[in-house]
Amino acid sequence: FKKQEKKKDNVRTLTGVVRMPDNAAAGGAVVKLNNQRTGETRAFITQTDGKYRFDELDRETIFNITAEFKNYKSKTRSLTPFDARLAPNM
């Protein structure tokens, strides 16, 4: 039996850069992605340039994204099914 693959047209990738108030990259920041349907939270530690990436996200699901670095915490941002971009950058 072959493992059934997800339809590639129903998934997307979220990328972004975490920056400090002075616009410097926040390397080592923790970006959390919360799936509102399942409650699952995934975390990514940013690279030295502040970049992060989450792959294979269901386009039909709402995700909440936050970032934390040292004493800073971002506002919560949302990625919703109404956002039609296949590769949003937030």
Work out which heavy atom in [X] is nearest to a heavy atom in [Y]; give both atom names and the distance.
X: Val30; Y: Ala43; value: CG1-CB, 4.3 Å
X: Tyr72; Y: Pro21; value: CE2-CG, 3.7 Å
X: Phe44; Y: Lys51; value: CE2-O, 3.6 Å
X: Arg19; Y: Ala25; value: NH1-N, 3.9 Å
X: Asn89; Y: Gly16; value: OD1-CA, 3.8 Å
X: Ala26; Y: Met20; value: CB-SD, 3.9 Å

Thr46 side-chain N/O to Ala29 backbone N/O, donor-acceptor pair under 3.5 Å: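 Yes.
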side-chain hydrogen bond (donor to acceptor under 3.5 Å, both in side chains) partners of Thr61, counting only residues at least two apart: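 side-chain hydrogen bond (donor to acceptor under 3.5 Å, both in side chains) list for Thr61, sorted by chain: Arg37, Asp58.
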Verify same cluster id: Phe54, Val18 (apolar side-chain graph, 4.5 Å):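 Linked, Phe54 and Val18 end up in one cluster.
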[X] side, atom [atom1]; [Y] side, atom [atom2] - distance, nearest 0.5 Å:
X: Thr80; Y: Gln36; atom1: OG1; atom2: CD; result: 11.5 Å
X: Ile62; Y: Asn34; atom1: CD1; atom2: CG; result: 11.0 Å
X: Asn35; Y: Asn64; atom1: CG; atom2: CG; result: 9.5 Å
X: Arg42; Y: Ile65; atom1: CZ; atom2: CD1; result: 11.0 Å
X: Gln47; Y: Arg53; atom1: CD; atom2: CZ; result: 10.0 Å
X: Tyr52; Y: Met90; atom1: OH; atom2: CE; result: 7.0 Å

Residues, nucleotides or ligands: over 12 heavy atoms within 6.0 Å of Asn71 CG: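 Count not over threshold, so no.
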Check against side chain to side chain contact (heavy atoms under 4.5 Å, CB included), Leu33 and Leu57: CA-CA 10 Å; Leu33 178 82; Leu57 302 179; 3.5 Å; yes
